[in-house]
Amino acid sequence: MGHQNRQDNMRSALKRRARKGDPMAAYDQLPSALRSWLMHAALPWSACSAHRIWRNSLRASGGDLDAARRRLTQIEQAMLKRDRFST
C-alpha cells in the first residue's frame with residue numbers, strides 16, 4: 001500500500017520545482033508528526049515547503065499539532081482542486 005501511495009502522489013499536473021540538496025536528508029530532519037502527515041499526503045511535498053507551513057501553523061496556533069495538520073490538509077485540498085488529475 002505504501003508503495004502504491006507514492007506512485008499515486010507523483011501523478012500531478014501541478015508545477016514541479018527543482019530541489020536543492022538531498023531531499024531524503026531534509027525529510028529525515030523533519031519533526032516526526034510532520035513526517036507522519038507527509039506519509040499519507042496525496043501530493044509530493046518538498047520537505048522545505050511542508051516544514052515552512054508546519055512552523056507557521058504551529059506559531060499561529062500556539063503549538064497545536066492538530067491545527068498544524070489541519071492547515072496542511074487545507075492547503076493540500078486547495079491544491080488538489082487545481083490539479084486536473086485529482087478528479
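Note that the structure is predicted; figures quoted are calculated from it, not measured.
- Shown are R71, R69, R52, R70; of these, the side chain to side chain contact (heavy atoms under 4.5 Å, CB included) with S57 is made only by R71.
- The CG atom of L30 sits 12.0 Å away from the OG atom of S36 when rounded to the nearest 0.5 Å.
- Expressed to the nearest 0.5 Å, how far CZ of R35 lies from CD of Q29 amounts to 10.0 Å.
- Under the 4.5 Å side-chain criterion, counting only non-hydrogen atoms from C-beta, L72 is in contact with L34.
- Distance check, rounded to the nearest 0.5 Å: CD1 of I75 to CG of L80 gives 12.0 Å.
- Counting heavy atoms from C-beta on, the side chains of P31 and H51 come closer than 4.5 Å.
- At a threshold of 4.5 Å between non-hydrogen side-chain atoms, the residues L58 and D64 do not count as touching.
- In this structure, W45 has its ring center at least 6.0 angstrom away from the ring center of W54.
- Using modelled atom types, one side-chain atom of E76 and one backbone atom of A42 make a donor-acceptor pair closer than 3.5 Å.
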